[in-house]
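Accompanying notes for the structure given below.
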There are 2 protein chains.
Amino acid sequence: MRRDAVENREALLAAARIELNLDADAPLEAIAARAGLSRRSVYGHFATRDDLLRELITSGATRVAGAVAGVDHEHPVVRLALIASRLWREVEDIRVMAVFAVRGPLKGLTADALAPLRARVAEAIAEGARDGSVRGDIPVARLARLVEDAALSALAEASTDAMPGPAAHRLVMLLVLGTVGLSADAAAALIDSHPELDWS
Amino acid sequence: MRRDAVENREALLAAARIELNLDADAPLEAIAARAGLSRRSVYGHFATRDDLLRELITSGATRVAGAVAGVDHEHPVVRLALIASRLWREVEDIRVMAVFAVRGPLKGLTADALAPLRARVAEAIAEGARDGSVRGDIPVARLARLVEDAALSALAEASTDAMPGPAAHRLVMLLVLGTVGLSADAAAALIDSHPELDWS
DNA sequence: ATTATATTGCACACGACTGTGCAAGTTACG
DNA sequence: CGTAACTTGCACAGTCGTGTGCAATATAAT
């Protein structure tokens, strides 16, 4: 295998990440173009369109899983904020997976890939609901989905509006904490009192 | 014009509302089938596919505008909750428009249709930020978009999970108020202390 | 330099969907 | 009734996307 071949493969994946965020079913033509290749060449790297998507989703899932893996904290709410914080680094992958979470025949794949992350979130919420640090007026499963939505809309806002890094990072945490029941002030105080939630 | 003709026209619009929520670019075949018509007949009512969508969006926008028109209250936060409350009645239309708000070539149309509603929300937020009842750590325009997202995800949750009416109605308000800075408890208290926010 | 490896352009088959024309059928309505 | 309004089925053209075959060309690597 040649060096430029693997570079082009990466370029295709990167291009797909961008292009699929703009249009969930962007033609291969567009993806290839952004990668500086011809449509025909795509088939030298991926047998079918679905193969490309599959690779995007699974590789994305691994990165996300890695980013969230080390997260741990005794207070479930801080844990949620930490997860949100780590997620910020993986925006592109996250958004690609979000796009396919609802639509298309790949939604099963996406769901599987995101399962571990969702489990961690649900667990933290359940724990927080038990000790009173998280609202108890919404069933855990439903609240978990809503938290996911909140994080997603913060991430979307961050990347469409080209927010400066620290602001976007903080926004994601603020929204997650707000959804979980904290007031704006309480959320801000919590973030400021925990150095591990700082922008680094 | 015959009576059954206008009935079929309505049936087509209703079918489109359902089918387009399942799949944003559902084929006319599917829509026609759900309406109990043949694909060919659709063209007896709408010149093109876009005409159908246009009608859906604009008629939906008018309903929503009407629902929100009468809303007024001295406290901006209560006003936001009221808007959220009224929105709940129009879920179906809202969701169709939400689908096309992001994707598709009609997003401009949708944006225009939703403009008045967005203006009201932004205004209430700005007013609240001035008198301190709404968080001030997020720029008004951005917060308005985030509130919109929150409402949308609540509405989505409500209609996919088949929640009972009152619960869904309350959820929409809770999420909007939470996004705007209130704690879960404060939001619940506010809703309970204002009879006009009750489920009717 | 020579060779294995990649990329390209073009042609083609295939499928899904839109939009149109037209003749034959069905149904509401006066 | 009987007629005008509506629906249907089918055939067809046009568009856009995928996936493949192949010959020509460019490029990395030894």
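Naming: A, B, ... by sequence-line order, numbering from 1 per chain.
Between the A:Arg120 side chain and the A:Val68 main chain, a donor and an acceptor come within less than 3.5 Å of each other. With A:His194 contributing its side chain and A:Glu196 its backbone, the two residues share no donor-acceptor pair below 3.5 Å.
Among the atoms of the strands shown, none is found under 4.0 Å from any heavy atom of B:Asp25. Contacts of B:Arg40 with the nucleic acid, taken as non-hydrogen atoms under 4.0 Å apart, include base atoms. As judged by a 4.0 angstrom heavy-atom cut-off over every strand, A:Arg3 is placed among residues touching the sugar-phosphate backbone only.
Using a 4.0 Å cut-off, no side-chain N or O of A:His45 falls inside it from OP1 or OP2 of C:dA6. Regarding contacts with the backbone of C:dA6, every side-chain N or O of A:Asn8 stays at 4.0 angstrom or more from both OP1 and OP2. Put simply, A:Ser38 has a side-chain N or O that comes within less than 4.0 Å of OP1 or OP2 on C:dT8.
Donor-acceptor pairing under 3.5 Å is lacking for the side chains of A:Ser183 and A:Asp185. A donor and an acceptor atom, one from each side chain of A:Asp50 and A:Thr48, are nowhere located under 3.5 Å apart.
Side chain B:Arg39 to base D:dG9: no donor-acceptor pair is found below 3.5 Å. Between the side chain of B:Arg2 and the base of D:dA5, at least one donor-acceptor pair of N or O atoms lies under 3.5 Å.
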